[in-house]
Amino acid sequence: MQNLRLESNFVDSLPADPIKENYRREVTGACYSIALPKKTKNPTLLAYSPEVANLLDFQNEFCNSKSFLEIFSGNKISDGGQPYAMCYGGHQFGNWAGQLGDGRAINLGELKNSSGESWALQLKGSGETPYSRGADGLAVLRSSIREFLCSEAMFHLGVPTTRALSLVSTGEEVLRDMFYDGNARLEPGAVVCRVAPNFIRFGNFEIVAERGDKDLLKRLINYTIEHHFGSIWESFAKRTEHQADLYSAWFHDVCEKTAILVCDWMRYGFVHGVMNTDNMSISGLTIDFGPYGWLDGYDPMWTPNTTDAQGKRYCYGRQPDIALWNLVQLANALYTVFPNEEALQSGLELYRNTYSKKWYAELGKKIGLTKVEKDDKTLFEGMLSVLQATETDWTLFFRLLAKIKLSEKTPAFSEACKTLEPAFYGSVKGNENYKSLLEDWLQRYHERISREMTNQREREQLMNSVNPKFILRNYVTQIAIDEASEGNYSTLNELLDILKTPFSENIDPDQKFTLQRPEWAKNKPGCSMLSCSS
Ligand code: AMP
Ligand code: MG
């Protein structure tokens, strides 16, 4: 049996809530409260990620042991671990919501691996904490499967993200009203162990700033930079006259990382669904997989979150602006301890520039351009209009576009349509308007590609290396969830395997998971409609 020894850097470095009892309260002057995971009656390990286990130096034997199950169901506390729940606040749907905090997440501590990396381990769904407000601190199996699979799918696409080590069913039932419509029912409970360098959110800084606690704000900022922005800390921190540069460099890095993150979401068609400031990681990771979704047909206004169906604040196309809005809230929280406002303004500017430069570069790569020229912006805009003119699958379109031969003449409309057909959700036959749009765009695309030095094979290779064949479509995850609720975990395991190589042409030979969304899934709950209830 492997002996798991955890460190408690966050707990040892930052002030604790002095109250030890577990009841709901406002917590001031502290960054966290001690909270123990709830014991589970009958835990079962449903799945684990071998890659995350490897990151933590866990052997397969340990992952399949009773000890692993005890620790990651919350039944046993590891040596050195001092479980706690973090205090954070946040802006939810544009309004300040006050104290939120880890209401259903309990941090076990940090594990240092053999490469010297420190990984924070957190159980999600393991019971009440002082931050649980009106809720029970638990998570249901459907949401836990969604978080478990999507964390790993994100990672294998190369998108910064929290990871998921394990998925454990608790053997207990949890009452949930999935659509807040008065139809509550009992669902199986589950616990996911999330793994990340840290789980610090914009909201951790916001709550301290809102309470006017400048000393604590500085301590939290310094802790964050020292432990999670190591190279910035090394460059400036030891030279006290460079305090201004330290804070400025850090905020700039946060802005840059956020820009890269959101751009990655956009290029793969990921919609987070609840981009509240409490769901924004200070390290630029995808965090809190709730009512997220992946675009099937390209539609900038699409949101998977039913709670946001009216306002569409967090729809696909608004994500870059919302991330900036969130950074502005972070800047507002930080400015009282920042030596000058300029550092904050220029950080926000850096976000805008980093985002737009990367977005155009990524769009370029998606259509096979090795570098972006000034006029390419109109080519990209034209392409997005074509994609909207008839409902077209965001993922399939680029894989199919790569197949259209562009080496000699402009491809004919009928030929191109035939190639692109698996990406269309409706028929484009007889659609004259669409025909002229696509023809016009293909001609411009052909002219542009002919200035590239790549041949057909190289262009296809480049495009296939950035355009995934597999994304974790909403309906596919729902199939895994429906089966799991009957005790069948085969699709869950199949997905866990296929998501490791999303760009490979050879995956999914039976085309079970890589075709367009079927008609039955269009409006099915769980497939396109999700709520925050989990
Ligand atoms: P989320 O929608 O996941 O970003 O959660 C927003 C806030 O509600 C966070 O403070 C969560 O910890 C809290 N929360 C969400 N679900 C639960 C739950 N089942 N029990 C306790 N707190 C919860
Ligand atoms: Mg959250």
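Excluded from the calculations below are hydrogen atoms, water molecules and symmetry mates; all remaining heavy atoms, backbone and side chain alike, are included. The structure displayed is predicted, hence computed values, not measured ones. Atoms within each ligand, like the ligands themselves, are counted from 1 in listed order.
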Provide the number and element of each atom of ligand 1 under 4.0 Å from a heavy atom of [X].
X: Asp278; answer: 4 (O), 6 (C)
X: Gly103; answer: 12 (O), 20 (N), 21 (C), 22 (N)
X: Leu138; answer: 19 (N)
X: Asn279; answer: 4 (O)
X: Gly137; answer: 18 (C), 19 (N), 20 (N), 21 (C)

**Asked** When you check the side-chain N and O atoms of Thr277 and Glu206, is any donor under 3.5 Å from an acceptor?
**Response** yes
**Message:** Would you say Ser490 and Asn488 are linked by a side-chain donor-acceptor pair, where the criterion is simply a distance under 3.5 Å?
**Reply:** yes
**Item:** Asp288 heavy atom under 4.0 Å from ligand 1
**Value:** yes
**Request:** Report yes or no: does a heavy atom of Arg176 sit under 4.0 Å from some atom of ligand 1?
**Result:** yes
**Parallel, tilted or perpendicular, as decided by the 30° and 60° cut-offs, for the rings of His91 and Trp325** = perpendicular
**Message:** Using every non-hydrogen atom in the two residues, find where Trp359 and Arg267 come nearest and quote the distance to one decimal.
**Reply:** CZ3-N, 3.9 Å
**Message:** Minimum heavy-atom separation for Phe270 and Cys150, please, with both atom names.
**Reply:** CE1-SG, 4.0 Å
**Request:** Answer yes or no: is there a donor N or O on one side and an acceptor on the other, between the side chain of Arg318 and the main chain of Lys312, under 3.5 Å?
**Result:** yes
**Asked** For atom 9 (C) of ligand 1, which candidate among Ala139, Gly101, Ala105, Ala97 holds the nearest heavy atom?
**Response** Gly101
**Message:** Quick test of your reading of the structure: of Arg201, Glu128, Arg104, Met86, whose heavy atom lies closest to atom 2 (O) of ligand 1?
**Reply:** Arg104
**Message:** With a heavy-atom distance limit of 4.0 Å, tell me whether Asp136 approaches ligand 1 through its side chain, its backbone, both, or neither.
**Reply:** both
**Request:** With heavy atoms under 4.0 Å as the rule, classify the contact between Leu100 and ligand 1 as side chain, backbone, both or neither.
**Result:** both
**Message:** Glu128 and salt bridge (charged side-chain N to carboxylate O under 4.0 Å, His left out): which single residue from Arg104, Lys38, Arg24, Arg133 fits?
**Reply:** Arg24
**Asked** Any N or O of Tyr131 that comes nearer than 3.5 Å to an N or O of ligand 1?
**Response** no
**Message:** Is Asn276 close enough to the Mg ion (ligand 2) that one of its N, O or S atoms comes in under 2.8 Å?
**Reply:** no
**Message:** For a salt bridge (Lys or Arg N to Asp or Glu O under 4.0 Å) check, start with the C-alpha distance between Lys257 and Asp253, then their side-chain angles and the critical distance, and finish with the verdict.
**Reply:** CA-CA 6 Å; Lys257 287 193 160 93; Asp253 202 24; 2.7 Å; yes
**Message:** Which atom name would you report as the N, O or S atom of Asp288 nearest the Mg ion (ligand 2)?
**Reply:** OD2
**Message:** Are Tyr298 and Trp394 an aromatic pair, judged by ring center distance below 6.0 Å?
**Reply:** yes
